[in-house]
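Below is one structure, written out as structure tokens; comments come after it.
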Amino acid sequence: MLKQILSKLPRKSPKSDQLDEINSGSNNSNFSNGSQCTNGGNGLSSRLSVVKRVSSAVFPSSIMAGVEAVEPHLSFKDVSNTQKQNLFVSKLNLCCEVSDFSDSDKVTAEQDLKRQTLIELADFVSSGSAKFTEPAISGMCKMCSLNLFRVFPPKCRSNGTGGETEDEEPMFDPAWSHLQIVYDLLLRFVSYGSLDVKVAKKYVDHLFIVRLLDLFDSEDPRERDCLKTVLHRIYGKFMAHRQFIRQAVCNIIYRFVFETERHNGIAELLEIFGSIISGFALPLKEEHKIFLCRALIPLHKPKSVGIYHQQLTYCVVQFIDKDPKLATNAIKGLLKYWPVTNSQKELMFISELEEVLEMTSMAEFQKIMVPLFRRIGCCLNSSHYQVAERAHLLWNNEHILNLVTHNRQVIIPLVFPALERNTQNHWNQAVLNLTQNVRKILCEMDEELVQACKRKLEEENSTLSVAAERRKLTWERLESAASFQPSADYIIAPVKPATCSVAC
């Protein structure tokens with residue numbers, strides 16, 4: 001009877017069984033359609049897992065713990081906008097693998113894949129779609145550090161001056177096809193408009209800057225040119241690092257001047273500082289004046305100054321433009337390191353001297369004019385015709401000629417003897433013609449002073465000739481006395497030493 005009653009009760013529908021199993025999580029069932037409910041629950045679970053994967057792309061990986069990274073081989077076009085940031089970080093991590101480029105004929109598939117990935121990263125950043133969050137900044141700095149920061153092989157140049165000279169062929173890095181894109185990425189990164197400098201400063205720190213400066217010793221001029229642009233952008237973007245960058249560059253210059261005299265990137269570093277000096281605020285800090293006196297002026301000492309002399313001159317002139325009183329320090333430094341036996345270096349010094357004098361005021365010129373024109377007088381008498389010609393051409397500069405005119409009572413007596421010696425003894429006809437032109441300029445400036453200098457020079461020459469005649473007569477008397485043979489009566493026989501009677 002009881003069974004008949006129970007059989008008339010309505011049974012649960014399959015749909016309600018599925019919901020009960022999903023809610024309870026039980027896989028057991030006493031009904032005949034229990035297997036169908038289990039299969040339905042598995043299908044719904046798979047749909048829920050799809051929802052979880054989509055949500056992981058919405059939230060950043062730094063927030064979602066344990067979320068798998070996006071496949072780095074995917075293209076940015078193949079993922080949604082919410083996944084692009086995670087894909088950007090994944091591609092940065094993929095490019096952290098450093099390839100071996102020692103064999104230029106061997107190009108592997110990994111190298112091609114890495115280069116293509118670097119190009120995709122550069123295009124993504126240049127499009128403005130990238131967001132440099134802290135994970136992205138960390139990944140960018142890590143990728144640049146692993147690919148760029150390296151130890152260069154020992155230098156095997158034949159000359160001992162260090163650096164590249166005008167006659168040497170530059171050496172190119174075989175990995176430049178990858179390094180160029182990395183440098184482009186780094187430049188776009190530090191130049192990015194929305195970059196949070198406070199966050200980036202934790203990764204672009206002092207160690208990063210020091211290792212970046214070490215790369216200026218690269219023998220590849222293309223790399224040094226990229227470094228020049230990157231360092232200038234870092235200096236402009238990270239104001240907190242400016243003083244450290246200046247001090248680090250000073251240390252490189254000190255080591256180059258006083259220890260090794262070997263460095264390939266001095267010209268590029270000075271080119272950066274040329275634009276930095278032009279932005280110094282007035283009045284100049286004592287730190288900047290010390291940089292001129294202790295770093296820039298001693299850079300005239302090395303033999304390889306010709307490689308970076310143009311940039312060095314620009315920096316010195318920029319300092320004098322900021323503070324004209326520094327002209328005295330600059331000219332004293334030039335006179336201190338003035339070359340004696342290197343004619344090509346002497347030509348560069350005269351050219352720099354002309355540029356400095358154009359920026360020099362009358363008061364500063366009067367402090368230094370005596371030792372300066374003594375040196376110029378030596379250059380006028382140089383047996384190297386190019387040095388002599390270049391020294392004569394200083395008188396064609398209107399500003400220098402104006403300084404000389406106002407101080408002619410001191411300067412003309414210093415240079416007139418050199419002009420007279422050229423007229424009498426110099427071997428080059430072009431130098432003789434220039435000497436006549438300078439004498440004509442001096443006569444037009446103050447003819448009475450020139451005639452007085454001429455009379456004084458003639459008196460000095462006559463005095464010197466009399467002194468030379470006296471010396472000649474003195475040597476003749478000495479020679480005749482030395483040739484005199486004494487008679488035998490006046491020769492004293494040598495005395496034998498007394499022998500000791502006591503046996504030793």
Side-chain angles (χ1 to χ4, degrees), residues 159-161 165-167 261 299-307 309-310 312-313 330-358 368-397 400-401 403-404 408 410-443 445 449-450 453-469 471-472:
N159 62 337
T161 58
T165 62
E166 292 82 354
D167 298 332
E261 290 197 8
L299 275 174
H300 293 85
K301 177 185 176 182
K303 297 178 181 178
S304 56
V305 65
I307 301 173
H309 184 260
Q310 182 180 358
L312 177 60
T313 302
I331 296 175
K332 284 182 178 179
L334 283 173
L335 296 177
K336 178 181 179 180
Y337 296 107
W338 197 276
V340 179
T341 59
N342 190 334
S343 300
Q344 296 302 318
K345 191 174 177 182
E346 198 168 5
L347 287 171
M348 291 185 285
F349 273 50
I350 297 174
S351 299
E352 181 178 356
L353 180 63
E354 183 176 6
E355 293 192 40
V356 172
L357 286 174
E358 287 181 350
I368 200 68
M369 61 183 178
V370 174
L372 172 61
F373 275 87
R374 282 177 182 164
R375 172 55 62 185
I376 292 177
C378 295
C379 295
L380 293 171
N381 279 144
S382 176
S383 58
H384 194 286
Y385 77 97
Q386 290 179 332
V387 174
E389 282 182 353
R390 190 65 185 85
H392 282 83
L393 293 176
L394 289 175
W395 304 89
N396 294 338
N397 190 294
I400 296 176
L401 190 60
L403 295 173
V404 172
R408 58 185 179 275
V410 177
I411 295 175
I412 292 180
L414 292 174
V415 299
F416 186 80
L419 297 174
E420 283 295 309
R421 284 192 292 270
N422 270 2
T423 304
Q424 298 172 5
N425 302 321
H426 207 283
W427 62 273
N428 188 270
Q429 186 60 44
V431 174
L432 291 175
N433 295 335
L434 290 172
T435 299
Q436 295 298 330
N437 293 337
V438 173
R439 285 193 61 177
K440 184 179 179 181
I441 292 173
L442 296 181
C443 289
M445 190 182 300
L449 181 59
V450 171
C453 292
K454 185 176 181 180
R455 288 192 299 268
K456 183 180 179 181
L457 182 60
E458 291 174 353
E459 293 174 0
E460 290 177 355
N461 289 337
S462 62
T463 303
L464 291 175
S465 60
V466 171
E469 187 66 26
R471 284 197 303 271
K472 182 179 178 181

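Atoms considered below: every heavy atom in the structure, side chains included; atoms not considered: hydrogens, waters and symmetry mates.
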- Query: Heavy atoms, side chains only, cut-off 4.5 Å: are L335 and K332 in contact?
  - Reply: no
- Message: Any side-chain to backbone donor/acceptor pair from S465 onto S462? Under 3.5 Å, distance only.
- Response: yes
- Query: Considering only heavy atoms from C-beta outward, does the side chain of N381 approach that of N425 to under 4.5 Å?
  - Reply: no
- Message: Using side-chain heavy atoms (C-beta onward) and a distance below 4.5 Å, is F373 in contact with C378?
- Response: no
- Kindly indicate whether the side chain of L353, heavy atoms from C-beta on, has any atom under 4.5 Å from the side chain of W338. yes
- In Å and rounded to the nearest 0.5 Å, what is the NE2 to CG distance from H309 to L347? 10.5 Å
- So how far is it from R375 CZ to I350 CD1, rounded to the nearest 0.5 Å? 9.5 Å
- Item | Side-chain heavy-atom pair V404, M445 within 4.5 angstrom cut-off | yes
- Query: Can N397 and L357 be said to form a side-chain contact (heavy atoms from CB on, under 4.5 Å), step by step?
  - Reply: CA-CA 10 Å; N397 190 294; L357 286 174; over 6 Å; no
- Query: With side chains defined as the heavy atoms from C-beta onward, is the minimum distance between L394 and I376 less than 4.5 Å?
  - Reply: yes
- Item | Least distance between heavy atoms, S383 atom then W427 atom | O-NE1, 3.0 Å
- Message: How long is the straight-line distance from CD of E458 back to CD of E420, given to the nearest 0.5 Å?
- Response: 8.0 Å
- Starting at CG of L312, measure out to CG of L299 and round the result to the nearest 0.5 Å. 5.5 Å
- Task: Give, for atom CZ of R408 and atom CG of L414, the distance between the pair rounded to the nearest 0.5 Å.
- Result: 15.0 Å
- Item | Partner of H300 under side-chain hydrogen bond (donor to acceptor under 3.5 Å, both in side chains), chosen from K336, K345, E352 | E352
- Query: How many angstroms lie between atom CH2 of W395 and atom CG of L380, to the nearest 0.5 angstrom?
  - Reply: 7.0 Å
- Query: S343 and V387: which non-hydrogen atoms are nearest, and at how many Å?
  - Reply: O-CG2, 3.8 Å
- Message: Could you tell me if the side chain of R439 sits less than 4.5 Å from the side chain of T423, heavy atoms only?
- Response: yes
- Message: How close do G377 and A418 get, counting heavy atoms only, and between which atoms?
- Response: O-CB, 3.5 Å
- Message: Between H426 and L419 (side chain of the first, backbone of the second, donor and acceptor by atom type, cut-off under 3.5 Å), is there such a pair?
- Response: no
- Item | With sequence neighbours excluded, residues passing side chain to side chain donor-acceptor pair (under 3.5 Å) with T435 | H392, N422
- Query: Do L449 and C453 come close enough that some side-chain heavy atom pair is under 4.5 Å?
  - Reply: yes
- Item | Set of salt bridge (Lys or Arg N to Asp or Glu O under 4.0 Å) partners for E346, sequence neighbours left out | none
- Query: Would the number of heavy atoms belonging to other residues, nucleotides or ligands and lying under 6.0 Å from CD of Q310 be above 12?
  - Reply: no
- Kindly determine whether K440 and Q436 satisfy side-chain contact (heavy atoms from CB on, under 4.5 Å), including the steps that lead there. CA-CA 6 Å; K440 184 179 179 181; Q436 295 298 330; over 6 Å; no
- Message: Tell me which pairs pass salt bridge (Lys or Arg N to Asp or Glu O under 4.0 Å) where either residue lies in residues 383-397, with sequence neighbours left out.
- Response: E354-R390
- Task: Output, in order, the C-alpha distance, side-chain angles, deciding distance and verdict of side-chain contact (heavy atoms from CB on, under 4.5 Å) for M348 and V305.
- Result: CA-CA 9 Å; M348 291 185 285; V305 65; 4.0 Å; yes
- Task: Check the surroundings of atom OH in Y385: do more than 12 heavy atoms from other residues, nucleotides or ligands lie under 6.0 Å from it?
- Result: no
